[in-house]
Structures are given as structure tokens and as C-alpha cells.
Q: 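Just dropping this structure here.
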Amino acid sequence: QVQLVESGGDSVPAGGSLRLSCVVSGNPANRYCMSWFRQSPGKEREWVATITPTGGSTYYVDSLKGRFTISRDNAKNTMYLQIDSLKPADTAMYYCAARQAPICLTRRAEESAYAYWGRGNQVTVSP
């Protein structure tokens, strides 16, 4: 049974930085395309970023490029999301997700494509 557990969320002032972590257990993380999603209050969950199993390629939603960095350390079975220059609009529950796929780029933003999800970790950014 694959499990994903997020951590690193916090309440921070605007302009600050956070690094979220997602630990994979049950199977080696290097089997999976992995992604971050987020859900802001009153909004639908949205795709943020994806990283390929080896970490060789990354993909981001255009609006967040430059402030968000996805990475992974397969030796630690862990994926990360570095968020810089935080804005109040970044306030959301952040979720990690994993799936096995021949091409991570395909369907990367579709929630239904992911077999495994974490429970989420809250990030709150104050003005």
C-alpha cells in the first residue's frame, strides 16, 4: 500500500518562503510521476507542478513559474516543493500525488490520473 505524507506547511507572512515535503512509503518513490496540487478556500483543487521519476524533467502551471520549484530525492523517497516570495493568494491546502505513467507530461494536471494522494498540508500566507 503506497502512502504519501506531506509536511512543512505553516503560517507565514507575505514575502517569505516555505519548503513542503512529501514522503512516499510502501514502494520506491522512483517508480512514480509525482505532482503537487493545491486547493484554496472556495476554489477547486488545481495542479501546481509535476516531476518525472528520475527528476530529470519538471512541469509547472504557467502562473506559478519562477516562484515554485519542484524537486525530489529518491534516496529519501521524498518530493519537495519550494515556494518563494509567498503571496496571500498562495494560501491553500497543498497535496502531493503519485502515479505510474509512461509519460508524465500526459494528463499531468488531471486529478483522476493519480492513484495515490496525501491528506494535504496547510499553507497560510498573511498580508
Side-chain angles (χ1 to χ4, degrees):
Q1 178 92 18
V2 176
Q3 291 188 327
L4 308 179
V5 179
E6 304 97 336
S7 62
D10 204 351
S11 295
V12 296
S17 297
L18 279 177
R19 189 176 78 159
L20 305 181
S21 299
C22 173
V23 176
V24 180
S25 62
N27 269 331
N30 62 13
R31 294 185 181 184
Y32 302 103
C33 303
M34 297 192 69
S35 297
W36 288 97
F37 288 76
R38 71 179 187 180
Q39 186 168 20
S40 301
K43 296 185 178 180
E44 294 186 351
R45 189 155 55 183
E46 64 173 343
W47 171 72
V48 173
T50 294
I51 189 165
T52 53
T54 62
S57 295
T58 57
Y59 311 97
Y60 298 90
V61 64
D62 286 344
S63 60
L64 300 179
K65 282 182 181 177
R67 295 194 301 116
F68 285 57
T69 305
I70 190 171
S71 63
R72 67 193 297 162
D73 183 344
N74 285 334
K76 296 181 179 179
N77 283 324
T78 303
M79 176 181 67
Y80 304 99
L81 184 68
Q82 176 73 34
I83 312 175
D84 297 318
S85 302
L86 279 157
K87 303 177 180 180
D90 295 322
T91 295
M93 186 72 78
Y94 284 74
Y95 299 88
C96 62
R99 65 183 181 122
Q100 289 184 288
I103 302 175
C104 290
L105 182 64
T106 305
R107 300 186 67 201
R108 64 193 182 281
E110 297 180 30
E111 294 183 42
S112 61
Y114 292 84
Y116 308 106
W117 288 85
R119 292 187 176 183
N121 204 218
Q122 179 68 37
V123 172
T124 303
V125 184
S126 56

Q: So, T78 side chain and V23 main chain: donor-acceptor pair closer than 3.5 Å or not?
A: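 Side chain of T78 to backbone of V23: no pair is present.
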Q: Nearest 0.5 Å please: distance from the CG atom of L81 over to the CZ atom of R72.
A: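 So the gap between those two atoms works out to 13.5 Å.
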Q: Does anything in residues 65-124 pair up under disulfide bond (SG atoms under 2.5 Å apart), and if so which pairs, sequence neighbours excluded?
A: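 Residue pairs passing disulfide bond (SG atoms under 2.5 Å apart), neighbours aside: C22-C96, C33-C104.
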Q: Closer than 3.5 angstrom, by distance alone: can the side chain of N74 be matched with the main-chain N or O of P53 as a donor-acceptor pair?
A: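 Yes, because the side chain of N74 sits within donor-acceptor range (under 3.5 Å) of the backbone of P53.
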Q: Look at the rings of F37 and Y114 and say which category their plane angle falls in: under 30° parallel, 30 to 60° tilted, over 60° perpendicular.
A: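 If you compare the ring of F37 with that of Y114, the planes turn out perpendicular.
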Q: Is it the case that Y80 and D73 place a side-chain donor and acceptor less than 3.5 Å from each other?
A: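 There is no such pair between these side chains.
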Q: Main chain of S25, side chain of N77: is a donor-acceptor contact present, judged purely on distance under 3.5 Å?
A: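 Not a single qualifying donor-acceptor pair exists.
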Q: Just how far is it from atom OG1 of T52 to atom CZ of R108, taken to the nearest 0.5 Å?
A: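 Answer for the OG1-CZ pair, T52 versus R108, is 12.5 Å.
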Q: Can you confirm whether more than 12 heavy atoms, excluding those of Q3, are under 6.0 Å from its CD atom?
A: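 Incorrect, the count does not exceed 12.
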Q: Look up atom CD in Q1 and atom CG in N27, then write down how far apart they are to the nearest 0.5 Å.
A: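 Going from the CD atom of Q1 to the CG atom of N27 covers 10.0 Å.
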Q: Per the salt bridge (Lys or Arg N to Asp or Glu O under 4.0 Å) rule, what does the pair list look like for residues 7-33, sequence neighbours excluded?
A: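 Residue pairs with at least one partner in residues 7-33: there are none.
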Q: Can you check side chain to side chain contact (heavy atoms under 4.5 Å, CB included) on Y116 and Y32, steps first, answer last?
A: CA-CA 10 Å; Y116 308 106; Y32 302 103; 3.8 Å; yes
Q: Using the salt bridge (Lys or Arg N to Asp or Glu O under 4.0 Å) rule, collect all pairs that involve residues 111-127, keeping only residues at least two apart or in two chains.
A: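 Listed once each, the pairs are R45-E111.
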Q: For residues 56-66, which side-chain donor-acceptor pairs fall under 3.5 Å, sequence neighbours excluded?
A:
unit_1	atom_1	unit_2	atom_2	d
Y60	OH	I70	N	2.8
D62	OD1	K65	NZ	3.3

Q: How would you list all residue pairs meeting salt bridge (Lys or Arg N to Asp or Glu O under 4.0 Å) that involve residues 80-104, not counting sequence neighbours?
A: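 Sorted pair list: R38-D90, R67-D90.
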Q: Find out if a path of hydrophobic residues (ILVMFWY) with successive side-chain heavy-atom gaps under 4.5 Å connects V5 to M34.
A: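 No, it is not one cluster - the side chains of V5 and M34 are not joined through contacts under 4.5 Å.
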Q: In Å, rounded to the nearest 0.5 Å, how long is the span from CG of L20 to OH of Y95?
A: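 Answer for the CG-OH pair, L20 versus Y95, is 13.0 Å.
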Q: For A14, check side chain to side chain contact (heavy atoms under 4.5 Å, CB included) against everything at least two apart and list the hits.
A: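 Result, side chain to side chain contact (heavy atoms under 4.5 Å, CB included) vs A14: P88, V125.
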Q: Rounded to the nearest 0.5 Å, how far does CD of E6 lie from OH of Y94?
A: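 Answer rounded to 0.5 Å: 12.5 Å.
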Q: Is the backbone of G9 close enough, under 3.5 Å, to the side chain of N121 for a donor and an acceptor to pair up by distance?
A: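 Yes, the answer is positive, given that a donor and an acceptor are paired below the 3.5 Å cut-off.
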Q: If you measure from CG on L86 to OG1 on T91, what distance do you get to the nearest 0.5 Å?
A: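 Atom-to-atom, L86:CG and T91:OG1 are 8.5 Å apart.
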